[in-house]
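Count residues from 1 along the sequence.
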Amino acid sequence: PYLEALAARVLTPSRRFLLVTPRTGVHRPYQRWVEARLGPEGYVLTRRGELAGVEVLVYDRLRPAP
């Protein structure tokens with residue numbers, strides 16, 4: 001519920017946003033959720049960086065929402 005509300009209010013009106021998460025190995029629940037929820041809205045992972053156990057993902061809206 002919290003992430004869904006955040007996506008509707010803040011993320012979908014934005015052209016770009018960052019997702020900052022702890023690096024937890026191959027299991028990336030937030031990344032999978034963002035891509036499943038916002039991929040259909042036109043968001044694509046465009047950059048990724050990692051430092052000291054923190055992962056930074058940059059999502060850009062590359063196409064208009066349907």
| Tyr43 side chain to Arg16 backbone, donor-acceptor under 3.5 Å | no

| said: Looking at Val58, is its backbone amide N or carbonyl O close enough to the side chain of Arg48 to form a donor-acceptor pair, meaning the two atoms are under 3.5 Å apart? | reply: no

| task | Please test Glu35 against Val44 for side-chain contact (heavy atoms from CB on, under 4.5 Å), starting from the C-alpha separation and ending with a verdict. | result | CA-CA 7 Å; Glu35 291 172 5; Val44 177; over 6 Å; no

| query | What are the two closest non-hydrogen atoms of Thr12 and Ala8, and how far apart are they? | reply | OG1-O, 3.2 Å

| query | Just wondering, more than 12 heavy atoms not from Leu62 lying within 6.0 Å of its CG? | reply | yes

| field | Between CG on residue Leu38 and CG on residue Leu3, distance to nearest 0.5 Å | value | 10.0 Å

| said: For the CD atom of Glu55 and the CG atom of Leu18, what is their distance to the nearest 0.5 Å? | reply: 12.5 Å

| pair Val54-Val20: side-chain heavy atoms closer than 4.5 Å | yes

| said: On a heavy-atom basis, which atom in Ala7 and which in Pro13 lie closest, and how many Å separate them? | reply: O-CD, 4.4 Å

| query | Out of Leu57, Val56, Leu11, which residue meets the side-chain contact (heavy atoms from CB on, under 4.5 Å) rule with Leu19? | reply | Leu57

| field | Tyr59 ring center near Phe17 ring center (under 6.0 Å) | value | yes

